[in-house]
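Working notes, structure below.
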Amino acid sequence: MRHLLLRFLAALACFGIFSPSRTSAATKLDQHEKPNFTGAWVLDLQTSTSLDPLMIQIGAGFLERKYAAHTKLKATLEQTADVLTIAARGPGFALNQTLYLDGRNDPSYLNILGATSVNTKTVWSKDYKDLVETHHIRTKKGRDGDLIIKRKLIHNGKAVAVVMILKLEEEPATTTARQIWRKQA
């Protein structure tokens with residue numbers, strides 16, 4: 001019996017020494033290859049869908065909607081392990097945004113597509129291919145909802161697809177729009 005117990009303990013010790021540690025396996029998961037959005041990007045209006053239906057539902061005015069439909073924007077993105085900063089510019093337009101990539105809730109009070117973002121939370125999708133930014137918003141008419149913005153590198157990293165999904169409380173349907181941003185050389 002004693003001999004069997006010693007063999008069992010020896011086998012357990014060998015298994016513990018020669019098997020990969022749990023922290024090493026967790027580290028590999030955490031260091032999964034995440035897309036890096038760093039770069040200078042320009043909005044491709046030809047391949048993007050109209051923001052008009054989304055902005056109408058939010059309550060944006062006619063001039064805001066027409067501006068969004070025809071203005072070629074440029075954006076500079078800088079990404080670290082913990083933060084993505086976005087600086088988007090166009091004639092008479094500037095947006096500076098910091099996204100915390102650790103999933104924390106960030107009270108932002110950012111004006112986005114005619115609504116006010118009250119709170120933002122940014123996380124990676126389970127497969128680490130999409131960056132998912134969820135804004136709890138309040139429209140100009142005082143309605144609450146969520147604006148989900150998903151970013152994904154496409155065309156071997158030469159473009160970013162940005163999908164926006166709007167879901168207002170007490171409305172059964174969602175409204176979506178898609179933008180394609182091309183990387184500048």
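Worth saying up front: this structure is predicted, and the values here are computed from it rather than measured. Quick note: numbers below take in every heavy atom, side chains included, and nothing from hydrogens, waters or symmetry partners.
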In one Ile/Leu/Val/Met/Phe/Trp/Tyr side-chain cluster, 4.5 Å: [X], [Y]:
X: Val83; Y: Leu153; value: no
X: Val123; Y: Met164; value: no
X: Val162; Y: Ile154; value: no
X: Ile148; Y: Ile112; value: no
X: Tyr128; Y: Leu131; value: yes

For residues 147-163, which residue pairs pass the side-chain hydrogen bond (donor to acceptor under 3.5 Å, both in side chains) check, not counting sequence neighbours? Glu133-Arg151
Is there a donor-acceptor pair closer than 3.5 Å between any side-chain N or O of [X] and the backbone N or O of [Y]?
X: Thr49; Y: Arg178; result: yes
X: Thr116; Y: Asn111; result: no
X: Glu78; Y: Thr85; result: no
X: His136; Y: Gly145; result: yes
X: Thr71; Y: Leu73; result: no
X: Asn119; Y: Asp106; result: yes
X: Asn36; Y: Thr38; result: yes

Nearest 0.5 Å, what's the [atom1]-[atom2] distance between [X] and [Y]?
X: Ile149; Y: His135; atom1: CD1; atom2: NE2; value: 4.0 Å
X: Lys141; Y: Leu168; atom1: NZ; atom2: CG; value: 10.5 Å
X: Trp41; Y: Ile86; atom1: CH2; atom2: CD1; value: 11.5 Å
X: Asn105; Y: Tyr100; atom1: CG; atom2: OH; value: 13.0 Å
X: Thr139; Y: Leu147; atom1: OG1; atom2: CG; value: 12.0 Å
X: Leu99; Y: Leu77; atom1: CG; atom2: CG; value: 8.5 Å

May I have the step-by-step check of side-chain contact (heavy atoms from CB on, under 4.5 Å) for Asp146 and Ile137, ending in yes or no? CA-CA 6 Å; Asp146 290 317; Ile137 62 165; over 6 Å; no
Would you please name every residue forming a side-chain hydrogen bond (donor to acceptor under 3.5 Å, both in side chains) with Thr47, sequence neighbours left out?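 Thr47 satisfies side-chain hydrogen bond (donor to acceptor under 3.5 Å, both in side chains) with Asp44 only.
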Are more than 12 heavy atoms from other residues, nucleotides or ligands located less than 6.0 Å from atom NZ of Lys74?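 No - once you tally the heavy atoms of other residues, nucleotides and ligands closer than 6.0 Å, there are 12 at most.
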Indicate the atoms forming the closest heavy-atom contact of [X] with [Y], along with that distance.
X: Lys72; Y: Leu45; value: N-CD1, 4.0 Å
X: Trp181; Y: Leu43; value: CE3-N, 3.4 Å
X: Ser50; Y: Ala177; value: O-CB, 3.8 Å
X: Leu110; Y: Asn96; value: CD1-O, 4.1 Å

Which pairs would a plain distance check flag for residues 51-64, meaning a side-chain donor or acceptor within less than 3.5 Å of a matching protein atom at least two apart in sequence or in another chain?
from: Asp52; atom 1: OD1; to: Arg65; atom 2: NE; distance (Å): 2.9
from: Gln57; atom 1: OE1; to: Thr175; atom 2: OG1; distance (Å): 2.2
from: Gln57; atom 1: NE2; to: Glu171; atom 2: OE1; distance (Å): 2.7
from: Glu64; atom 1: OE1; to: Gly61; atom 2: N; distance (Å): 2.7
from: Glu64; atom 1: OE1; to: Lys140; atom 2: NZ; distance (Å): 2.9
from: Glu64; atom 1: OE2; to: Lys140; atom 2: NZ; distance (Å): 3.4

Pair Thr80-Asp82, side-chain donor/acceptor within less than 3.5 Å: no
Run the side-chain contact (heavy atoms from CB on, under 4.5 Å) test on Leu84 and Thr122 for me, step by step, so that the C-alpha distance in whole Å, both residues' side-chain angles and the decisive distance to 0.1 Å come before the verdict. CA-CA 10 Å; Leu84 176 66; Thr122 306; over 6 Å; no
How far apart are the C-alpha atoms of Asp127 and Lys129, what are their side-chain angles, what is the distance that settles it, and do they pass the salt bridge (Lys or Arg N to Asp or Glu O under 4.0 Å) test? CA-CA 6 Å; Asp127 64 1; Lys129 294 187 185 220; 5.3 Å; no
Taking the inter-plane angle between the rings of Trp124 and Phe37 on a 0 to 90° scale, is it parallel (under 30°), tilted (30 to 60°) or perpendicular (over 60°)? parallel
